[in-house]
Each structure stands twice: as structure tokens, then as C-alpha cells.
Amino acid sequence: QLQFVESGGGLVQPGGSLRLSCAASGFRLDYYKIGWFRQAPGKEREGVSCISSSDDRTHYADSVKGRFTISRDNAKNTVYLQMSSLKPEDTAVYYCAVDWLRYPDVCTIAETRYHLWGQGTEVTVSS
């Protein structure tokens, strides 16, 4: 069964850190571009970051650049999102998804390119 399982969310104070995990099953995650997205209450889902398959090139939304880092562990078939200097506006449900189109291997955070959405993991940044 093809699926993602996101985990690692929780309640954190402003300025704190969290690491989200996105574990894939049913396919090799390192073959494809993977994206992280988030949806805040009452807002549209937006792209946060993505990583290419062959050389781990990354891309970030301006709102998280310098604070978030995406990475992958191919042995664990898992992609991570390390989030630091968290702000209340980072509060959202975070999702990962896969771009099945392998080439060109340049990732974007355009939601329409992505599929196989997981159940998400909730992040709340509040004091």
C-alpha cells in the first residue's frame, strides 16, 4: 500500500524547534521529489519545502527560509523537516507528498504537482 505517515508535531513555544518525519511505504522515497506543505486554520494549504531525488537539491518558501531544513534518510525511507525559530504563524497541520514525475529532477512547492497526501501532523506554536 502506497502511503505517507507524518509524525513529530506538537505544542512548542515561540523560538523553539521541532523535527517532523515523513515515512513512506510501498515505494522508494529516494526515487522521487518530496514536498512538505502546511495548512493553517482557515487558510489554504501552502508549500513549505521540497527536495529533489538525485542530488538532494532543496527549495524553501520565503516564509521559512533560514529556519527550516528538509533532508532525507534513504535507509529509513523517510524525509524530515527540521523547524527552528518557530513562530506562531507556523502553526498548521503539516503534510508531505510526492511528485511522481521523476524528470526533470528539480523540485517545486507547487501543490498541484504532488500526490499521496498523508494524514498530516499538527504543529502549534504558542506560549
Can Asp73 and Thr78 be said to form a side chain to side chain donor-acceptor pair (under 3.5 Å), step by step? CA-CA 5 Å; Asp73 184 334; Thr78 299; over 6 Å; no
Are [X] and [Y] close enough that some pair of their side-chain heavy atoms sits under 4.5 Å apart?
| X | Y | value |
| --- | --- | --- |
| Leu101 | Tyr32 | no |
| Val123 | Met83 | yes |
| Gln13 | Leu86 | no |
| Lys87 | Val125 | no |
| Pro88 | Ser126 | no |
| Leu116 | Trp100 | yes |
| Asp105 | Lys33 | yes |
| Thr124 | Val12 | no |

How many angstroms lie between atom [atom1] of [X] and atom [atom2] of [Y], to the nearest 0.5 angstrom?
| X | Y | atom1 | atom2 | answer |
| --- | --- | --- | --- | --- |
| Cys22 | Leu81 | SG | CG | 10.0 Å |
| Gln82 | Ser17 | CD | OG | 6.0 Å |
| Tyr31 | Asn77 | OH | CG | 10.5 Å |
| Asp99 | Ile51 | CG | CD1 | 13.5 Å |
| Ser25 | Leu2 | OG | CG | 7.5 Å |
| Phe68 | Ser49 | CZ | OG | 9.5 Å |

Is the backbone N or O of Ser53 less than 3.5 Å from a side-chain atom of Arg57, with the two atoms forming a donor-acceptor pair by type? no
Got a donor-acceptor contact below 3.5 angstrom from the Gln119 side chain to the Val5 backbone? no
Mind running side-chain contact (heavy atoms from CB on, under 4.5 Å) on Thr121 and Val93 for me, showing each step along the way? CA-CA 5 Å; Thr121 185; Val93 178; over 6 Å; no
How close do [X] and [Y] get, heavy atom to heavy atom, and via which atoms?
| X | Y | value |
| --- | --- | --- |
| Val64 | Val48 | CG2-O, 3.6 Å |
| Pro41 | Thr91 | CD-O, 4.1 Å |
| Ser52 | Cys107 | N-SG, 4.1 Å |
| Gly47 | Ala61 | O-CB, 3.5 Å |

Taking the cut-offs as 6.0 angstrom to the six-membered ring centre and 45 degrees off its axis, would you call Arg45 and Trp117 a cation-pi pair? yes
Please determine if Arg38 forms a cation-pi arrangement with Tyr95, meaning its NZ or CZ atom is less than 6.0 Å from the six-membered ring centre and no more than 45° off the ring axis. no
Might you work through the salt bridge (charged side-chain N to carboxylate O under 4.0 Å, His left out) test for Arg72 and Asp56, ending with a clear yes or no? CA-CA 8 Å; Arg72 65 166 84 230; Asp56 287 352; 3.0 Å; yes
Between Tyr80 and Phe4, is there a shared hydrophobic cluster once you connect ILVMFWY residues whose side-chain heavy atoms come closer than 4.5 Å? no
Under a single-linkage definition using a 4.5 Å side-chain heavy-atom cutoff for Ile, Leu, Val, Met, Phe, Trp and Tyr, are Leu20 and Tyr60 assigned to the same hydrophobic cluster? yes
By ring-ring contact (aromatic ring centres under 6.0 Å, His included) - contacts of Tyr114 (at least two apart): Phe37
More than 12 non-hydrogen atoms from neighbouring residues, nucleotides or ligands closer than 6.0 Å to NZ on Lys65, yes or no? yes
Counting only heavy atoms from other residues, nucleotides and ligands, does the tally under 6.0 Å from CD of Glu89 exceed 12? yes
Would you check, one step at a time, whether the test side-chain contact (heavy atoms from CB on, under 4.5 Å) holds for Gln39 with Glu44? CA-CA 6 Å; Gln39 186 167 20; Glu44 297 290 318; 5.6 Å; no
Check for me whether the distance between the ring centres of Tyr94 and Trp36 falls short of 6.0 Å. no
